[in-house]
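What follows is one structure encoded as structure tokens, with my remarks underneath.
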Amino acid sequence: MSTTDATHVTASYHPAEVERKWQQRWEEQGTNRWTAGELRSADRPFYNLMMFPYPSAEGLHVGNIYAFTGADIYGRFKRLQGHQVFEPIGFDAFGIHSENYALKQGINPMELIPRNVERFTAQLRRVGLMYDWSHSVDTTRPEYYRWTQWVFLQLYRAGLAEKKEAPVNWCPGCNTVLANEQVIGGLCERCDTPVEMRFLSQWFFKITRYAGRLLENLKTLDWSDTTRKAQENWIGRSEGAELAFPIARRRVADDRHEPAQLHDEKPVIRVFTTRPDTVFGATYMVLAPEHPLVDRLTSAEQREAVEAYRRQAASQDLVTRKKTDKTKTGVWTGGYAVNPASGQDVPVWIADYVLMEYGTGAIMAVPGHDERDFEFAAQFGLPIVRVVAGEGDDGDTPLAEAYTGPGRLVNSGRFDGMEVAEGKRAITEWLAGMGLGEQRINYRLHDWTISRQRYWGPPIPILYCDACGIVPVPEDQLPVELPFIQDYKPDATGVSPLARHEEWYRTTCPSCGGEARRETDVSDTFLDSAWYFLRYPSTDFDQVPFDPQLTRHWLPVDSYIGGNEHAVLHLLYARFVTMALHDMGLLHFEEPFTRFRAHGLIVKDGSKMSKSRGNVVNPDAYIAEWGADTIRTYLMFLGPYQEGGDFRDSGITGPYNFLTRLWDSVLTSEERPIDPAVEQKLHATIRKVTEDLESLSYNTAIAAMMEYLNTVRAGGRTPERAAVEPLVRLVAPFAPHLAEELWERLGHAQ
RNA sequence: GCGAAAGUGGCGGAAUGGUAGACGCGCUGGUCUUAGGAACCAGUGGCUUCGGCCGUGGGGGUUCGAAUCCCCCCUUUCGCACCA
């Protein structure tokens with residue numbers, strides 16, 4: 001007997017019909033929506049998060065669908081396991097990318113972006129994702145960025161936001177400052193223009209204060225290895241010592257200059273080194289051309305050459321400057337410093353191979369044991385002294401190249417004979433005793449520049465008052481709304497377009513009532529996304545950024561899935577902001593994402609999708625032709641989810657045929673006892689699919705289901721109802737519409 | 001240079017110490033059909049004297065047994081990169 005009514009004609013599989021029906025029903029019945037009360041009372045909460053998209057004008061990309069579907073499948077799996085799954089989505093719509101596009105179109109982003117959001121929303125609704133649209137966020141809405149500004153103020157109060165004059169990355173293409181993380185190989189991440197170094201007064205977040213903890217905590221996180229490693233490298237911990245080389249006063253010919261403003265008033269050059277054991281071999285010093293002590297050290301005779309060199313270095317973009325293979329250049333300042341170990345005067349040079357942004361911006365040069373210093377010394381005829389002798393090395397033969405291996409110290413006074421490791425410790429201790437050094441851990445990580453001289457972002461909630469100085473905008477006056485202006489185009493002046501609008505920036509000081517001026521820079525988009533996951537559960541509340549009770553109930557995030565391109569950007573910033581809010585007592589956890597998995601990249605026919613190649617997959621057309629269920633299943637079947645895959649049109653028929661066969665099998669199935677061999681295979685399949693879902697091995701889960709269906713239908717046999725009914729549940733995370741329809745046709749109320 | 005991942009049929013990939021190539025695409029043959037770029041069934045790593053032999057980038061090793069573990073080399077992709 002057929003499971004369907006004898007008079008009922010078994011219709012063939014029409015995805016469009018089925019999908020329309022179920023999307024509508026889910027919407028009407030609020031299947032995926034949560035009320036505030038339901039969120040509060042959920043007893044097995046599972047927060048399933050995916051990286052929210054930037055709503056580009058091109059519309060939803062197949063890569064977005066790949067990312068979201070993989071995350072959605074995991075959420076649906078958890079729901080089938082009895083969890084109450086909260087799966088929100090939103091839009092990361094502020095930022096240079098959006099703004100640049102608006103500029104190109106000549107449409108104000110305030111008008112353009114909402115259209116993109118609308119289009120994205122419509123496209124996303126067709127994919128069959130279990131989003132709770134009632135808890136969505138859009139970072140460009142005042143009701144959202146009000147709280148982004150609030151986050152800024154909390155960091156400011158905690159002393160973690162600071163305005164300072166500093167060398168920053170300036171993109172002449174985008175006319176704005178960029179965070180270090182947004183400079184890729186010396187180029188702007190958005191427009192590929194070579195980035196320049198400028199000295200500007202900017203707002204910074206002191207993420208470096210958290211460097212140690214950000215690094216340490218990584219060990220405790222259940223994250224993709226690649227992502228963890230990327231953060232580890234980015235934070236870049238190195239152990240060593242900071243040593244002080246006093247300036248040799250008598251040798252400074254030109255003393256008209258005021259003493260330099262360093263961290264203290266002592267006329268010393270501070271250097272960071274990982275090799276304090278080689279300090280006896282430091283035969284010269286090099287400062288970055290921008291180093292504040294250069295003026296003080298430069299002699300009258302050398303001034304012209306030094307100035308010329310500094311001008312030249314300043315004019316170079318970062319790509320040219322950081323080329324490792326170019327020959328070393330540099331100029332002697334005419335000044336000397338005292339090697340604190342050997343007591344000898346060593347000449348002080350400037351050279352662009354020393355970077356102002358790392359360490360102290362100055363190095364002690366040990367040509368005998370550092371490749372770069374050796375190259376520089378060889379080029380300029382500076383003395384090379386050996387202070388480490390390797391195995392079977394008499395310590396006398398002149399070095400043909402820098403020796404960086406292990407060995408014992410030589411030419412190092414009473415430290416001669418010590419092993420490198422011992423020497424490091426002993427020499428650091430000795431110099432520390434004289435107040436000329438200390439053990440030090442240095443991080444590659446920089447403070448996070450968050451000022452952007454652009455229009456399309458949340459205004460930084462700060463006022464400048466002649467009487468009171470820097471004044472934070474009172475929290476009850478938030479948001480500081482971004483005004484609608486026509487001339488939002490950025491320029492090379494180093495200030496935001498908002499600085500052209502006096503009517504906007506002129507205001508009164510909340511503490512003295514006098515005249516004040518608003519900060520006209522906006523904040524980095526990455527601040528918007530550094531806390532959005534805190535907002536989702538609490539979008540029903542407009543008087544707090546995140547409701548304490550809901551936050552305690554739902555956070556940290558249980559599963560987070562996204563692209564690895566954010567390994568050092570978003571994922572690091574979100575961790576920092578969370579940690580800072582935790583330290584202020586505002587959050588009960590310090591790591592936002594318990595589990596993170598990076599998905600792979602989708603390519604088309606073996607090459608990266610790009611507009612110029614003309615091989616960008618338009619997901620709408622594919623969904624219209626094959627149905628969302630087929631596209632979802634196909635994308636997951638392409639290859640291991642965490643490695644990505646190659647989208648080829650010819651492959652879609654496989655998953656499509658599978659779903660069609662499943663449809664037919666269910667609707668023609670018979671009510672009869674299940675064959676024991678089939679039953680055994682069924683249980684093996686359930687087990688396999690369950691394990692694969694947990695590990696995101698979606699491709700093999702699908703393969704297992706196909707294999708099982710092949711067994712069920714082997715030799716053209718009619719399937720037993722008991723053989724196919726469980727398969728409908730197994731396939732549900734992948735093809736939710738089809739599964740619901742079949743489940744209903746099998747006589748189950750949903 | 002440093003760090004990470006990977007190299008398996010015509011193609012995407014499966015198998016992490018135990019029958020290599022699951023599953024799918026493609027291809028071949030068949031059934032049905034007026035027809036089929038539909039559906040269904042069967043086959044499909046290479047060589048073969050039909051006994052078998054060879055086969056997971058290359059070379060060596062451990063093991064009763066290696067795609068899988070170890071050593072050396074080659075190639076590709078990604079991240080970081082004059083980081084002191």
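Values below: every heavy atom of this structure, side chains too, minus hydrogens, waters and symmetry copies. Chain letters run A, B, ... following the sequence lines, proteins first, then strands; residues in each count from 1.
- Distance CG (L601(A)) to P (A4(B)): 22 Å, rounded to an integer number of Å.
- Distance from the side chain of D352(A) is smallest for C82(B) among the nucleotides A84(B), C23(B), C82(B).
- The distance between the ring centers of Y284(A) and W332(A) does not fall below 6.0 angstrom.
- Annotated stems with RNA chain B as a participant read B:1-7 with B:74-80, B:10-12 with B:23-25, B:26-31 with B:39-44, B:45-47 with B:52-54, B:57-61 with B:69-73, given as range with range, by first number; only runs of 3 or more Watson-Crick or G-U pairs under 3.5 Å qualify.
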Next item on the list: Dump the intermediate steps for side chain to side chain contact (heavy atoms under 4.5 Å, CB included) on L682(A) and Y708(A), then the final yes or no.
Entry: CA-CA 7 Å; L682(A) 170 65; Y708(A) 174 64; 3.4 Å; yes
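- Among the atoms of the strands shown, none is found under 4.0 Å from any heavy atom of R440(A).
- Among the heavy atoms of the strands lying under 4.0 Å from N710(A) are primed sugar atoms or P, OP1, OP2 only; no base atom is included.
- Rounded to a whole angstrom, the distance from the C1' atom of G29(B) to that of C73(B) is 46 Å.
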N/O to N/O distances under 3.5 Å, protein versus nucleotides 25-29 of chain B:
| unit_1 | atom_1 | unit_2 | atom_2 | d |
| --- | --- | --- | --- | --- |
| C25(B) | O2' | S650(A) | OG | 3.4 |

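- Atom pair H291(A):NE2 and A84(B):P shows a separation of 17 Å (rounding to whole Å applied).
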Sort me out a list of protein N/O and nucleotides 9-15 of chain B N/O pairs below 3.5 Å, or just none if empty.
| unit_1 | atom_1 | unit_2 | atom_2 | d |
| --- | --- | --- | --- | --- |
| G12(B) | O2' | L638(A) | O | 2.8 |
| A14(B) | OP1 | N699(A) | ND2 | 3.1 |

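- With both ends at atom C1', the span from C27(B) to U34(B) equals 27 Å, rounded to whole Å.
- To the nearest whole angstrom, the two C1' atoms, one in A81(B) and one in G65(B), are 44 Å apart.
- Within 4.0 Å (heavy atoms only), R661(A) reaches sugar-phosphate atoms of the nucleic acid but no base atom.
- Comparing H446(A) and A704(A) against RNA chain B, the residue whose closest nucleotide sits nearer the 5' end is A704(A).
- Within 90° of 0 lies the glycosidic angle of G9(B), which makes this nucleotide syn.
- When the C1' atom is compared between C71(B) and G21(B), the two are found 28 Å apart, to the nearest whole Å.
- Around atom CD of Q439(A), no more than 12 heavy atoms belonging to other residues, nucleotides or ligands sit under 6.0 Å away.
- In this structure, Q344(A) places its CD atom where only 12 or fewer heavy-atom neighbours from other residues, nucleotides or ligands lie under 6.0 Å away.
- Two rings, from W448(A) and Y573(A), have their centers less than 6.0 Å apart.
- Here the CE-CG distance, from M706(A) to N710(A), works out to 8.5 Å after rounding to the nearest 0.5 Å.
- Here, G57(B) and U68(B) have their P atoms 8 Å apart, quoted to the whole Å.
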